[in-house]
Amino acid sequence: GAGSRRSGALVVGVSAIVAIGVGYWQLSDRVHSSEAGPLDENLIAVIPFRVSSTDDRVTILREGVIDMLAPMLPEEPRIVDPGAMVSAWRRLVSDDREVLSESQAVSLAGDLGAGRALVGSIVGGGESFAMNARLLDVSTGEAVGDATVDGSADRLRESVSQLAGQVLSMEAGVDKGQVDYLNDVPMDALQAYLEGRRAYRQTAYVEARGAFSRALDIDSTFALAAL
């Protein structure tokens, strides 16, 4: 009867309003996402590493690698604040042993405004472990490059320093064959050299020469900086 028709019309009307509301929310969400600030290509989100070890001296690197990389990469590129990084990560995982996929890592890095995400794993014990890492371009999800370091618990700083050097080299587009050579270069000299390479590619030749000169001042045997 008339009551049934009115009830049916009311249901249809409510459904239409809900549909419009959901559509508006989805559109607003897309607009909000598109209006988010641009990603900073000089900012790297270091995701806590997956660690396969029973040695406490090694498992400490799960989050510790972020704290150790922070002072090694203070300028360009630099890393997301360790506290902010770990807090954001903990909101996604159910326990410290959970591993994010590369796509999840990229999404998390993007939420933090980082243009790069560094994911990695450590396998082994205190006497010897293998550290493998991959630098990802957040805008595309593609790998920028891979890093491999053989380390030990009594050489933690040197091991993480080698990782930092390889990350810097990848960002600067250094040929893979030169990475091992650069591992032995002092960090300050390496950063100056890579700043010079970046400036040279941007045709800022005076700035590039200055950076290469600083690298040689730090390490007079740094042959690549003299070329």
Side-chain angles (χ1 to χ4, degrees), residues 30-49 63 65-89 92 100-121 131-149 160-176 178-179 182-183 185 187-212 214-215 224-225:
R30 285 197 296 270
V31 170
H32 174 73
S33 298
S34 67
E35 290 178 350
L39 299 176
D40 185 345
E41 292 188 356
N42 287 314
L43 185 62
I44 302 174
V46 182
I47 312 300
F49 278 24
E63 298 174 18
V65 69
I66 309 174
D67 295 302
M68 294 184 71
L69 281 172
M72 295 179 184
L73 301 174
E75 296 178 358
E76 291 188 0
R78 66 194 187 286
I79 73 169
V80 172
D81 174 76
M85 180 70 253
V86 173
S87 294
W89 171 71
L92 291 180
L100 299 183
S101 67
E102 287 190 1
S103 61
Q104 288 174 314
V106 163
S107 177
L108 175 56
D111 289 342
L112 294 169
R116 299 284 188 267
L118 185 69
V119 298
S121 64
M131 183 186 301
N132 296 290
R134 170 167 290 179
L135 188 65
L136 300 165
D137 183 330
V138 173
S139 63
T140 65
E142 299 294 324
V144 176
D146 296 307
T148 301
V149 175
V160 177
S161 180
Q162 285 187 29
L163 174 62
Q166 292 190 35
V167 170
L168 284 170
S169 301
M170 283 187 275
E171 282 288 6
V174 173
D175 293 338
K176 190 172 180 62
Q178 295 177 337
V179 170
L182 293 176
N183 281 339
V185 174
M187 183 62 66
D188 290 348
L190 177 59
Q191 288 178 323
Y193 167 69
L194 296 176
E195 287 171 8
R197 283 181 59 93
R198 181 164 52 239
Y200 188 86
R201 285 196 299 272
Q202 296 171 352
T203 67
Y205 301 122
V206 173
E207 182 181 341
R209 283 197 298 272
F212 292 144
R214 289 198 306 276
L224 282 177

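The structure presented is a predicted model; accordingly, all values stated were derived computationally and were not measured.
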What heavy-atom pair brings [X] and [Y] nearest, and what distance separates the two atoms?
X	Y	result
M72	S161	SD-CA, 3.6 Å
A45	V80	CA-CG2, 3.8 Å
L136	A143	CD2-CA, 4.0 Å

Separation between [atom1] of [X] and [atom2] of [Y], rounded to the nearest 0.5 Å:
X	Y	atom1	atom2	answer
M68	E63	CE	CD	14.5 Å
I66	F49	CD1	CZ	8.5 Å
Q162	T148	CD	OG1	11.0 Å

Going by heavy atoms in the side chains, are [X] and [Y] under 4.5 Å from each other?
X	Y	value
V167	I44	yes
V160	L69	yes
M85	L108	yes
L92	W89	no
P77	L43	no

Practice item. Would you please test R116 and D137 for side-chain contact (heavy atoms from CB on, under 4.5 Å) and show each step? Key: CA-CA 5 Å; R116 299 284 188 267; D137 183 330; 3.7 Å; yes

Exercise for review: Return the set of residues passing side-chain contact (heavy atoms from CB on, under 4.5 Å) with V138 (not counting sequence neighbours), or none when no residue passes.
Suggested key: L39, V106, A109, A117

Revision key, fill the gap. Sequence neighbours excluded, the answer for side-chain contact (heavy atoms from CB on, under 4.5 Å) partners of S121 is R50, N132

**Study point:** Test item: S107 side-chain N/O and S103 main-chain N/O as donor-acceptor pair under 3.5 Å
**Key:** no

**Study point:** Donor-acceptor pair, side chain of Q166 and main chain of L163, under 3.5 angstrom
**Key:** no

Exercise for review: Would you sort out whether L73 and L168 count as a side-chain contact (heavy atoms from CB on, under 4.5 Å), showing the intermediate values?
Suggested key: CA-CA 8 Å; L73 301 174; L168 284 170; 3.7 Å; yes

**Study point:** Flag if over 12 foreign heavy atoms under 6.0 Å of CD, E41
**Key:** no

Review point. Could D188 and R214 be called an ion pair, given the rule that one side-chain N must be under 4.0 Å from one carboxylate O?
Key: no

